[in-house]
Amino acid sequence: MPATMILGSQWGDEGKGKITDYFAGKADVTVRFQGGTNAGHTIVVKDEKFKFHLLPSGVLHPEKKSIIGNGVVVDPKVLIDEIESLLKKGITPNLLISERANVIMPYHKMMDSAEEKLRGKKIGTTKRGIGPCYSDKISRYGIRMIDLTDEKALKEKLRTIIPIKQKIFQAFGEDTVLSNDEILKEYLEYGKKLKKYVADTSLIIARAFDDKKNVLLEGAQGTHLDIDHGTYPFTTSSSTTAGGGCTGSGISPLKIKEIIGVVKAYTTRVGEGPLPTELKDETGKHIRDRGGEYGTTTGRPRRCGWLDMVVVNYACRINGFTSLAVTKMDVLSGIKKLKICKAYHYGDRIINDFPANPGILEKCVPVCEEFNGWEEKNWKEVVKKGYNALPDNMKKYLDFISSSSKVPVGIVSLGPGREETIELK
Ligand code: IMP
């Protein structure tokens, strides 16, 4: 059976959690393949809100398997807290964690803050240790999940790593003192609690394929936060795009049949970096409040702007989306005139392709198409009647998205709940 991938097409927070949860009902195995506690998904089931940073969104379907793949960086304390909070609600997670996933250590979080302090132009990271953990993985200083279950291996690795980290902190002028013994004790304890979940997850996914099971790959963050293809350096440190789905889970690209791009009906971004369609006016504020656009992880207000198809079309090219899921269409209700950016003016040039240079992007002025808006409605009732019951102006807005991207819209989301979703067959 082939796999389906769900990816963000903008700067994260597109509503992937809800779309993944929707598809997880049809999948047998859900795999998260990158990122760490920098992500935050909010999922609403029967009016109950669940907020996760590490657990895959599929975990709310306990009859199905949820996997944290090798491309994720795991903060074991946060993971244990999330597992325990689910257990308290009577949900036993059907979870496995890759033995190859790297672990976020205390010095990664300290380094994240220290580096941000020293940087001239801040990235605005979530300070969860993501960048330093991925740096250690690439430098081959990483601690992996398997090490937490092997005292001898962990002891030996820490004996090498801690003195190096200590010297780096001193060079940074930080008075941090790292205790080898305390870190060893704390992380072995985490290892004991998590041992039953740690496994060779790529083998388990391969067996699921052999057994003709449906596999769903769940991206965190979005295309424009990808370490290679995003708005570097204002990105995260992992591969958030389709290629990352394969390396971060240990499956072949030939297994992927569908790649669903999640497009929020407008644009948001947290942290620093250029955002050409940003609305610094009352409309931007209205969208932020109506859309609840405050970070799930840090609580920071998200910067809001009109939908930018230069951004989305670039994501379509990098990922090869087979269909789009357009989310939060309800949030735009009541705005009389809507705009979608279709190109940029850069000096006297028109740019259609997303530029790599943030210096150019900063100076880009959006070229927009204007649309008439639609009134607020009881969207749950509209959804029951299907796509044809959507306001004509909303259909025109959706048509523009699919004609500009040349990718069909397969899902329209009109609210946070599972029952506020229209699937276009
Ligand atoms: P880091 O991932 O904590 O290193 O942060 C790097 C950049 O990615 C910052 O601008 C963050 O705000 C952004 N970022 C990281 N995770 C998310 C996410 O889940 N949604 C939106 N932005 C994110």
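Atoms within each ligand, like the ligands themselves, are counted from 1 in listed order.
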**Prompt:** Between Y190 and Y187, what is the ring plane arrangement, given parallel below 30°, perpendicular above 60°, and tilted in between?
**Reply:**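 The rings of Y190 and Y187 stand perpendicular, inter-plane angle above 60°.
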List the closest protein heavy-atom neighbour of [atom]: residue, atom name, distance to the nearest 0.1 Å.
atom	result
atom 21 (C) of ligand 1	D13 OD2, 3.0 Å
atom 5 (O) of ligand 1	T125 CA, 3.4 Å
atom 10 (O) of ligand 1	V270 O, 3.3 Å
atom 8 (O) of ligand 1	L225 CD2, 3.6 Å
atom 7 (C) of ligand 1	T235 O, 3.6 Å
atom 3 (O) of ligand 1	T126 OG1, 2.5 Å
atom 12 (O) of ligand 1	R300 NH2, 3.0 Å

Hydrogens and angles aside, do [X] and [Y] bring a side-chain donor and acceptor to less than 3.5 Å of each other?
X	Y	result
D75	T37	no
E14	T327	no
Q221	N38	yes
T126	R300	no
T223	N319	yes

[X], any N or O under 3.5 Å of ligand 1 N or O:
X	answer
T236	yes
Q221	yes
N38	yes

**Asked** At under 4.0 Å between heavy atoms, which part of R128 makes contact with ligand 1: side chain, backbone, both or neither?
**Response**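 Neither part.
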**Prompt:** Does F234 have a non-hydrogen atom less than 4.0 Å from ligand 1?
**Reply:**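 No; F234 lies far enough from ligand 1 that no heavy-atom distance drops under 4.0 Å.
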**Asked** Are G124 and ligand 1 in contact, using a heavy-atom cut-off of under 4.0 Å?
**Response**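 Yes.
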Which atoms from ligand 1 have a heavy atom of [X] less than 4.0 Å away?
X	answer
G271	10 (O)
W11	21 (C), 22 (N)
I123	6 (C), 10 (O)

**Message:** List the residues meeting side chain to side chain contact (heavy atoms under 4.5 Å, CB included) with A343, not counting sequence neighbours, and say none if there are none.
**Reply:**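 Partners of A343 by the side chain to side chain contact (heavy atoms under 4.5 Å, CB included) criterion, ordered by chain and then number, come out as I350, N352, V367.
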**Prompt:** Within a radius of less than 6.0 Å around NZ of K122, do more than 12 heavy atoms belonging to other residues, nucleotides or ligands occur?
**Reply:**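 Atom NZ in K122 is crowded, with more than 12 foreign heavy atoms closer than 6.0 Å.
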**Prompt:** Applying ring pair (Phe, Tyr, Trp, His ring centres under 6.0 Å), which residue pairs with at least one partner in residues 265-316 are found, sequence neighbours left out?
**Reply:**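 For residues 265-316, and leaving out neighbouring residues, the ring pair (Phe, Tyr, Trp, His ring centres under 6.0 Å) pairs sorted by first residue read H224-Y314, Y314-F354.
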**Prompt:** Got K255 and P2 here, is their nearest side-chain heavy-atom distance under 4.5 Å?
**Reply:**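 A side-chain contact under 4.5 Å is absent here.
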